[in-house]
Participant: 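Attaching a single structure in structure tokens format; questions to follow.
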Amino acid sequence: MSYYFCIVGTRDQPLFELEFGTSKQGGDGVARFTQEARHMNPFVVHSSLDFVDELQWTNNQMYLKRIDQFASSHISTFITPTSTRFMLLHLPHPPNTTPTSQPMPNSFPPFTPYTSVPPSSSTASRGTSSSGSTSIPNNPTSPQTEEAIRQFFGEVFEVWMKAIMNPFTSTEGKIGSPVFRQRVVAAGRKYL
């Protein structure tokens, strides 16, 4: 799977952005988004903020799970007590396909990075088997994937809390710390 992680402030501005790929099952940790998808990811995540604003007041949980879907991309969200949102866009790699280096012409969505169609329901049901490690790259809606994302958000929340406790930083300012970036990447490798 390819991931786009974004921390969105209370004024709906991005505070931190990171792209990475899966490190599970021999993944190399590199995101497989096409150039068009890289440009569209912030817009897709930002369009999900309306759902987050609605769910924020009806749900008392910090982890809202998978809140939105755009084409084959899924968006999961975690809300901090200060209403800062951690948003993770995850795009599964369909089985038996390889990402293309060029976008497919006349395809919907125009930034689809694969040479074949997304997995069918029979393929997706195989990802929900009892073998927990195989479901993370194959099925973004499985309970194992949601648990891995929840743990990722929990660890990033701890690192974020340590970063904003610095008296010289603002809670609404961009996070440019290389140590923070390294710890988010480490959490991504560990759980995703």
Side-chain angles (χ1 to χ4, degrees), residues 1-35 37-49 51-52 56 61-68 70 73-93 99 113 132-133 135-137 140-142 144-192:
M1 260 198 258
S2 294
Y3 299 97
Y4 170 76
F5 174 67
C6 183
I7 297 177
V8 180
T10 57
R11 298 183 190 126
D12 295 342
Q13 77 279 17
L15 305 178
F16 179 79
E17 296 175 299
L18 178 69
E19 288 183 355
F20 58 96
T22 189
S23 295
K24 300 290 182 182
Q25 291 188 344
D28 57 1
V30 177
R32 303 278 188 236
F33 294 115
T34 62
Q35 196 63 22
R38 289 182 198 280
H39 294 299
M40 290 292 294
N41 287 343
F43 296 108
V44 172
V45 167
H46 198 79
S47 69
S48 299
L49 288 174
F51 293 117
V52 174
Q56 178 178 359
Q61 300 294 320
M62 293 174 68
Y63 175 50
L64 299 180
K65 298 186 180 181
R66 192 171 54 92
I67 59 156
D68 196 11
F70 178 78
S73 300
H74 301 271
I75 294 101
S76 300
T77 303
F78 182 92
I79 300 178
T80 67
T82 60
S83 295
T84 300
R85 281 77 45 109
F86 295 174
M87 303 190 72
L88 182 71
L89 180 140
H90 37 112
L91 178 68
H93 295 270
S133 63
S135 63
I136 290 177
T141 61
S142 72
Q144 293 86 2
T145 303
E146 287 186 1
E147 180 63 20
I149 291 171
R150 185 190 64 76
Q151 291 175 340
F152 168 75
F153 279 146
E155 187 158 323
V156 171
F157 178 63
E158 289 179 21
V159 173
W160 178 77
M161 286 295 297
K162 291 176 184 175
I164 66 166
M165 285 176 30
N166 181 347
F168 300 109
T169 60
S170 169
T171 58
E172 291 299 319
K174 289 206 178 255
I175 302 171
S177 169
V179 174
F180 180 81
R181 179 175 292 275
Q182 288 173 352
R183 290 185 179 169
V184 171
V185 168
R189 279 193 205 120
K190 183 176 180 181
Y191 296 112
L192 305 174

Participant: Taking all atoms of both residues into account, what is the closest heavy-atom pair of Leu91 and Ser73, and its distance?
Facilitator: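 Closest heavy-atom pair between Leu91 and Ser73: CD1-OG, 3.5 Å.
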Participant: Nearest heavy-atom pair of Tyr63 and Glu146: which atoms, and what distance?
Facilitator: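 That closest heavy-atom pairing would be OH-O, 3.2 Å.
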Participant: Report the C-alpha distance between Leu64 and Ile79 in whole Å, list the side-chain angles of each, state the deciding distance to 0.1 Å, and finish with yes or no for side chain to side chain contact (heavy atoms under 4.5 Å, CB included).
Facilitator: CA-CA 8 Å; Leu64 299 180; Ile79 300 178; 3.5 Å; yes
Participant: Write down the atom of Ala187, the atom of Glu155, and the distance for their closest heavy-atom approach.
Facilitator: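 In terms of heavy atoms, the two residues are closest at CB-OE2, 3.9 Å.
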Participant: Is a side-chain donor or acceptor of Arg85 paired with a backbone partner of Gly9 at a separation under 3.5 angstrom?
Facilitator: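 Judged by distance alone, yes, a pair lies under 3.5 Å.
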Participant: What is the distance from atom CG of Asp12 to atom CG of Leu49, rounded to the nearest 0.5 Å?
Facilitator: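 With rounding to 0.5 Å, CG (Asp12) is 5.0 Å from CG (Leu49).
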Participant: Compute the ring centroids of Trp160 and Phe16, then answer whether they are less than 6.0 Å apart.
Facilitator: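 No: the rings miss the under 6.0 Å criterion.
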Participant: Is the CZ atom of Arg66 crowded by more than 12 outside heavy atoms at less than 6.0 Å?
Facilitator: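 Enclosed: over 12 neighbouring heavy atoms sit under 6.0 Å from CZ of Arg66.
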Participant: Closest heavy-atom contact between Tyr4 and Pro42?
Facilitator: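 Closest pair (atom of Tyr4, atom of Pro42, distance): OH-CG, 3.6 Å.
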Participant: Of the non-hydrogen atoms in Met87 and Val52, which two are nearest, and what is the gap between them?
Facilitator: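 In terms of heavy atoms, the two residues are closest at CE-CG2, 3.9 Å.
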Participant: Before we go on, tell me: are the rings of Phe5 and Phe152 under 6.0 Å apart, centre to centre?
Facilitator: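 Here the rings of Phe152 and Phe5 have centres that are less than 6.0 Å from each other.
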Participant: Using every non-hydrogen atom in the two residues, find where Thr169 and Ala163 come nearest and quote the distance to one decimal.
Facilitator: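 Shortest heavy-atom separation between Thr169 and Ala163 comes out as OG1-O, 3.4 Å.
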Participant: If I take atom SG from residue Cys6 and atom CG from residue Asn41, how far apart are they, to the nearest 0.5 angstrom?
Facilitator: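 Result: 10.0 Å between the selected atoms.
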Participant: Take Leu88 and Leu192 through the side chain to side chain contact (heavy atoms under 4.5 Å, CB included) test and state the conclusion after the steps.
Facilitator: CA-CA 11 Å; Leu88 182 71; Leu192 305 174; 4.0 Å; yes
Participant: Give, for atom CE of Met161 and atom OG1 of Thr171, the distance between the pair rounded to the nearest 0.5 Å.
Facilitator: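 Going from CE on Met161 over to OG1 on Thr171, the span is 10.5 Å.
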Participant: Taking atom types as modelled and ignoring hydrogens, do the side chains of Thr10 and Glu172 form a donor-acceptor contact shorter than 3.5 angstrom?
Facilitator: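 A donor-acceptor contact under 3.5 Å links the two side chains.
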Participant: What distance separates Glu147 CD from Ile149 CD1, expressed to the nearest 0.5 Å?
Facilitator: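 Interatomic distance, Glu147 CD to Ile149 CD1, rounded to 0.5 Å: 10.5 Å.
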Participant: From Phe153 CZ over to Phe86 CZ, what is the distance, rounded to the nearest 0.5 angstrom?
Facilitator: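 Between Phe153 CZ and Phe86 CZ, I get 8.5 Å after rounding to 0.5 Å.
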Participant: Can you find a heavy atom in the side chain of Ser76 that is under 4.5 Å from one in the side chain of Arg150?
Facilitator: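 Sidechains of Arg150 and Ser76: no contact.
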Participant: So, taking the atom named CD1 in Ile175 and the one named CD1 in Ile7, what distance separates them when rounded to the nearest 0.5 Å?
Facilitator: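 CD1 of Ile7 is found 4.0 Å from CD1 of Ile175.
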